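Quantities reported herein were computed from a predicted structural model and do not represent experimental measurements. Heavy atoms only: backbone and side chains are in, while hydrogens, waters and symmetry mates are out. Both counts, for ligands and for their atoms, begin at 1 and track the order of listing.
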Amino acid sequence: MITIKHRNAMVRLSEHVYEPAEDSYLLADTALELVSDGMNVLEIGTGTGFVSAVLKANRNIRLVGTDISPLAASCAKSNGIDVIRTDMFTGLKAMHQFDFVIFNPPYLPTSEDEKVPGWLNYAFDGGVDGRKDIKSFMEQVCDYLKPDGIILLLVSSLTGINEVMQEVEQSGFSSQIIARDKCSFEELVVIEAKRLNVSENNFLN
Ligand SMILES: C[S@@+](CC[C@H](N)C(=O)[O-])C[C@H]1O[C@@H](n2cnc3c(N)ncnc32)[C@H](O)[C@@H]1O
């Protein structure tokens with residue numbers, strides 16, 4: 001069994017579950033700078049639970065994760081994460097709203113013949129433009145975020161950073177890039193999104 005260690009967190013990897021990579025590390029390190037003790041945090045698409053485990057190992061927080069893949073949900077559970085195996089936010093209806101909602105989505109533009117077999121496809125396949133799950137996430141996230149809550153969204157230059165920021169803003173949020181990492185074939189960024197307040201919304205209308 002392979003285990004990785006990062007910032008006091010020990011995380012076991014599992015076959016057919018997304019192995020934490022540069023995107024996971026960038027999101028975990030950025031979230032750790034912002035999340036404080038006492039907060040309620042939701043991670044959508046937790047995978048192995050790596051990002052959540054880093055937060056839990058360093059902060060006294062309440063955290064829940066979701067993942068659509070049963071293999072990922074079981075791996076995250078073995079890493080100590082309270083996880084619900086579900087599509088995006090489904091099954092969280094009765095729960096409280098969160099201070100932070102974080103998501104490292106499947107963000108690669110993917111055609112039919114680029115899909116990989118099995119549950120691992122959900123880790124990569126962002127639909128033809130790479131933004132399918134981001135759109136679905138932005139349509140639903142409002143109901144799960146406190147009025148002053150913050151979204152942290154990891155995306156790649158391959159996804160179209162400007163297009164994602166437009167999508168975020170059209171959903172009624174401000175968006176700004178708060179962290180970047182240049183990798184071999186892509187640039188990764190963390191977008192921070194906050195609800196635009198009522199007067200700003202009125203002004204824009
Ligand atoms: C790029 S991986 C990120 C995994 C982990 N958060 C990390 O940073 O290492 C995306 C994850 O989102 C999950 N996922 C994809 N679509 C989902 C959906 N509709 N609802 C919940 N999880 C989803 C995948 O199964 C995968 O574990």
For [atom], what's the nearest protein heavy-atom neighbour? Residue, atom name and distance, please.
atom	answer
atom 19 (N) of ligand 1	D87 OD1, 2.8 Å
atom 23 (C) of ligand 1	I68 CG2, 3.6 Å
atom 20 (N) of ligand 1	M88 N, 2.7 Å
atom 25 (O) of ligand 1	D67 OD1, 2.6 Å
atom 7 (C) of ligand 1	S24 OG, 3.4 Å
atom 12 (O) of ligand 1	G45 CA, 3.3 Å
atom 15 (C) of ligand 1	Y122 O, 3.1 Å
atom 10 (C) of ligand 1	N104 O, 3.3 Å

(request) Tell me yes or no: between the side chains of R62 and N40, is some donor less than 3.5 Å from an acceptor? (result) yes

(message) Quick one about Y18 and D67 (side-chain donor to acceptor, distance below 3.5 Å, no hydrogens or angles considered), yes or no?
(response) no

Is the closest heavy-atom distance from [X] to ligand 1 below 4.0 Å?
X	value
T48	no
V51	yes
E19	no

(message) With rounding to the nearest 0.5 angstrom, report the CZ to NZ distance, F137 to K132.
(response) 14.5 Å

Just heavy atoms, cut-off under 4.0 Å: does [X] contact ligand 1 by side chain, backbone, both, or neither?
X	result
T46	backbone
Y18	side chain
P105	backbone
T86	backbone

(request) Check each atom of ligand 1 against the heavy atoms of P106 and keep those under 4.0 Å away; list them by number with element. (result) 15 (C)

(request) Over all heavy atoms of both residues, which pair between I161 and V189 is shortest? Give the atoms and the distance, please. (result) CD1-CG1, 3.7 Å

(message) Show the nearest heavy-atom pair for residues R59 and V35, with the distance to one decimal.
(response) NE-O, 2.8 Å

(message) Within the 4.5 Å heavy-atom criterion, are I134 and L153 side-chain neighbours or not?
(response) yes

(request) Take T159 and E163 through the side chain to side chain donor-acceptor pair (under 3.5 Å) test and state the conclusion after the steps. (result) CA-CA 8 Å; T159 324; E163 288 82 352; over 6 Å; no

(request) Check the surroundings of atom NZ in K135: do more than 12 heavy atoms from other residues, nucleotides or ligands lie under 6.0 Å from it? (result) yes

(message) Looking at Y122, I want to see if its OH is surrounded by more than 12 non-hydrogen atoms of other residues, nucleotides or ligands under 6.0 Å.
(response) no

(request) Name the orientation class of the two ring planes belonging to F50 and Y25 (parallel below 30°, tilted from 30 to 60°, perpendicular beyond 60°). (result) tilted

